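None of the values given here were measured: they were computed from a predicted structure. By convention in this document, chain letters (A, B, ...) are assigned in the order of the sequence lines, proteins followed by strands, and residues within each chain are numbered from 1.
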Number of protein chains: 2
Amino acid sequence: MSEQSAMDEATYLQQYDPKQFDSPLVTVDAALFTYHDGVLKVLLVERASHPELGKWGLPGGFIDVHRVADLTQAINGVIEDKTGITAPYLEQLASYGNNRRDKRGWSVTVSYTALMAYQACEARIATVADAQWVDVAQLPEMTLAFDHMTIIEAGRERLKQKALYSIVPAYALAEEFTFPELQHLHELLIGKPLQKRSFRRRIEQANLLEDTGKFRKDAGRPAILYRLAAGAEQYRFVRNLED
Amino acid sequence: MSEQSAMDEATYLQQYDPKQFDSPLVTVDAALFTYHDGVLKVLLVERASHPELGKWGLPGGFIDVHRVADLTQAINGVIEDKTGITAPYLEQLASYGNNRRDKRGWSVTVSYTALMAYQACEARIATVADAQWVDVAQLPEMTLAFDHMTIIEAGRERLKQKALYSIVPAYALAEEFTFPELQHLHELLIGKPLQKRSFRRRIEQANLLEDTGKFRKDAGRPAILYRLAAGAEQYRFVRNLED
DNA sequence: TTTTAATAGTGACCTTATGTCACTAATATG
DNA sequence: CATATTAGTGACATAAGGTCACTATTAAAA
């Protein structure tokens with residue numbers, strides 16, 4: 001038995017000093033994606049503070065243990081503070097931690113991702129010079145802060161899986177959208193063209209879209225406008241082996 | 001412009017004090033599973049230190065920023081120190097962080113999971129009273145430390161997906177195994193019986209098993225012993241939409 | 001007004017994956 | 001040598017997805 005186990009827990013907790021050893025820094029970061037102007041965009045902020053001053057990166061920041069009670073509050077608060085965006089639903093992506101990713105020292109970031117309908121963003125605090133939705137096609141020419149490019153790639157990989165097996169990408173569209181729009185978004189996420197017949201069929205089979213009765217008219221035949229039905233987020237395009 | 005951006009980065013980093021504010025505690029935890037004696041087991045340790053002294057929980061611990069360079073090193077080191085187990089391949093599961101899960105304060109844990117061939121374990125350090133592979137069927141009667149039950153459930157959910165769509169569970173078996181063994185493990189993970197004809201077919205189609213030419217003889221007709229071929233970990237049982 | 005280009009949506013047939021279950025195969029036991 | 005037991009296959013049915021030519025509906029050009 002160690003000495004420690006001889007004392008009772010209350011005493012132990014009273015004497016416990018969280019700063020007795022060097023803990024990693026902890027941040028949260030979010031890779032938020034939307035579909036706007038016919039392209040896939042990711043929300044970035046221009047840093048106005050050290051380190052990586054002047055670079056663009058994901059909205060994120062340290063966890064303020066006195067302000068928030070859990071990770072979800074932390075990430076939502078940071079996104080709203082830095083970009084004015086309220087993210088509807090965040091999915092945890094992965095955590096990255098090592099002694100190299102941040103010059104300030106050993107750091108861990110818990111990353112989140114989401115697909116959301118487009119909404120305007122704005123820089124809201126002094127540490128952010130600008131906030132913009134950036135076309136992912138422009139990313140190869142950019143040098144992002146920290147390992148944020150890696151996080152964005154992980155987010156896109158996750159979205160790709162969703163595009164292959166679900167209609168979650170519909171959440172990146174406006175409330176009412178057409179099949180061709182949805183298909184185009186899926187093609188952007190997957191990176192290759194899809195057969196429209198197959199695409200329609202599997203979505204129709206799932207019965208997750210409601211016909212609004214309205215049409216979008218551009219060039220050619222007008223397209224039927226749909227909206228998502230309830231429960232759409234769970235549907236996966238794979239045979240249900242669990243019945 | 002903030003005052004901070006007026007100074008150069010080197011000066012900023014020199015003056016930066018990681019203890020200037022209260023950062024969450026950071027731990028890593030692993031839910032390791034194996035198949036042994038015909039049941040699914042998870043590796044647990046009995047805590048010999050506060051808090052949660054005396055309870056069983058996942059092997060894990062604080063990140064020692066002076067000893068390890070990244071999260072992977074951290075989790076592998078902790079597992080080996082506490083249980084004597086060397087985990088072959090760890091997959092990151094999720095991170096859990098809030099101000100309630102650990103009485104010592106706001107804490108974040110980065111959790112990992114793995115399926116591995118059975119190997120003996122042992123308590124190796126003073127803070128661990130015992131280390132055991134525990135049948136998951138016994139978990140409902142146990143009260144685990146912290147939120148470790150939640151992490152185990154998340155791990156099992158991940159394994160269930162793998163059992164549905166891959167042959168990754170084969171990594172929890174011995175090097176040579178039979179189809180009936182593999183099927184039984186999949187059934188344990190999924191929680192319901194599978195049709196042996198379908199099960200065999202999709203695994204055979206994938207061409208990821210090698211016939212060893214040997215047989216396992218018990219009651220009834222002997223079963224062919226197979227081993228995993230290279231590349232097996234990537235295979236997923238879904239139509240490949242990406243060709 | 002008619003024609004044409006453009007885009008949306010469907011019909012029909014094909015291939016592949018999976019479900020089902022009865023059947024055969026190979027062993028141990030008595 | 002008969003029987004129980006477990007492993008493995010044959011064969012047909014259903015369901016999902018791939019392919020592509022066809023029809024439908026609009027705007028704009030002729």
Side-chain angles (χ1 to χ4, degrees), chain A residues 38 161 163-167 170 173-174 176-188 190-227 235-243, chain B residues 38 161 163-167 170 173-174 176-188 190-227 235-243:
Chain A
Q161 297 308 316
L164 286 168
Y165 305 125
S166 81
I167 55 168
L173 303 175
E176 301 187 342
F177 55 88
T178 67
F179 257 107
E181 276 173 357
L182 183 59
Q183 180 175 342
H184 181 228
L185 170 54
H186 277 246
E187 288 171 339
L188 281 180
I190 295 169
K192 48 189 68 169
L194 296 171
Q195 295 271 143
K196 69 178 170 180
R197 196 70 183 83
S198 308
F199 185 74
R200 284 191 94 92
R201 217 176 3 212
R202 45 184 208 177
I203 290 179
E204 278 170 353
Q205 267 174 11
N207 236 51
L208 294 170
L209 296 188
E210 288 172 4
D211 188 333
T212 63
K214 292 186 263 181
F215 294 87
R216 159 124 59 238
K217 298 188 184 185
D218 280 309
R221 176 174 171 175
I224 300 168
L225 281 165
Y226 293 88
R227 80 169 70 84
Y235 181 70
R236 296 174 69 80
F237 283 142
V238 288
R239 183 164 314 199
N240 190 348
L241 297 166
E242 306 188 47
D243 282 339
Chain B
Q161 298 307 317
L164 286 168
Y165 306 124
S166 81
I167 55 168
L173 302 176
E176 300 188 340
F177 56 88
T178 67
F179 257 107
E181 276 173 356
L182 183 59
Q183 181 175 341
H184 181 227
L185 170 55
H186 276 245
E187 287 171 339
L188 280 180
I190 295 169
K192 48 190 66 170
L194 296 171
Q195 295 273 356
K196 68 176 170 180
R197 197 70 184 84
S198 307
F199 185 75
R200 284 192 93 92
R201 214 174 8 207
R202 43 184 211 177
I203 290 179
E204 278 170 353
Q205 267 174 11
N207 237 53
L208 294 171
L209 295 188
E210 287 172 4
D211 187 332
T212 63
K214 293 185 262 180
F215 294 87
R216 160 125 54 242
K217 299 187 183 184
D218 279 311
R221 175 173 172 177
I224 300 168
L225 281 165
Y226 294 88
R227 80 169 70 84
Y235 181 71
R236 296 176 70 80
F237 284 142
V238 289
R239 182 162 315 199
N240 191 348
L241 297 165
E242 304 188 48
D243 283 338

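Put simply, CD1 on A:I224 is 11 Å from P on D:dT26, counting in whole angstrom units. Atom pair A:K192:NZ and D:dG18:P shows a separation of 12 Å (rounding to whole Å applied). Distance CZ (B:R200) to P (D:dG10): 11 Å, rounded to an integer number of Å. In this structure, B:I203 atom CD1 and D:dA7 atom P are separated by 14 Å, rounded to whole Å. Here C:dT20 presents its C1' atom at 15 Å from CZ of B:R202, a figure rounded to the nearest Å. Rounded to a whole Å, the NZ atom of B:K214 is 17 Å from the P atom of C:dT27. Nucleotide D:dA7 holds its C1' atom 13 Å from the CG atom of B:D211, rounded to whole Å. Rounded to whole Å, the distance from CZ on A:F215 to P on C:dA6 is 23 Å.
Within residues 216-223 of chain A, the residues having any heavy atom under 4.0 Å from DNA chain C are, by residue number, A:A219, A:G220, A:R221, A:P222, A:A223.
The shortest distance between the side-chain N/O atoms of A:Q195 and the OP1/OP2 oxygens of D:dG18 is not below 4.0 Å.
Under 3.5 Å, the side chain of B:R197 and the base of D:dG10 form at least one donor-acceptor pair of N or O atoms. Interface remark: the A:R201 side chain does form a donor-acceptor pair with the D:dG18 base, using a distance-only criterion of under 3.5 Å.
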**Request:** Carefully, step by step, assess B:H186 and B:L182 under the rule side chain to side chain contact (heavy atoms under 4.5 Å, CB included).
**Result:** CA-CA 6 Å; B:H186 276 245; B:L182 183 59; 3.6 Å; yes

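For the residue pair A:L209 and A:F179, the shortest heavy atom distance occurs at CD1-CZ, 4.0 Å.
Here the nucleotide nearest the side chain of B:E204, chosen from C:dG9, C:dT20, D:dT9, is D:dT9.
Note that CD of B:Q161 and CD1 of B:I190 are 9.0 Å apart. Values are rounded to the nearest 0.5 Å.
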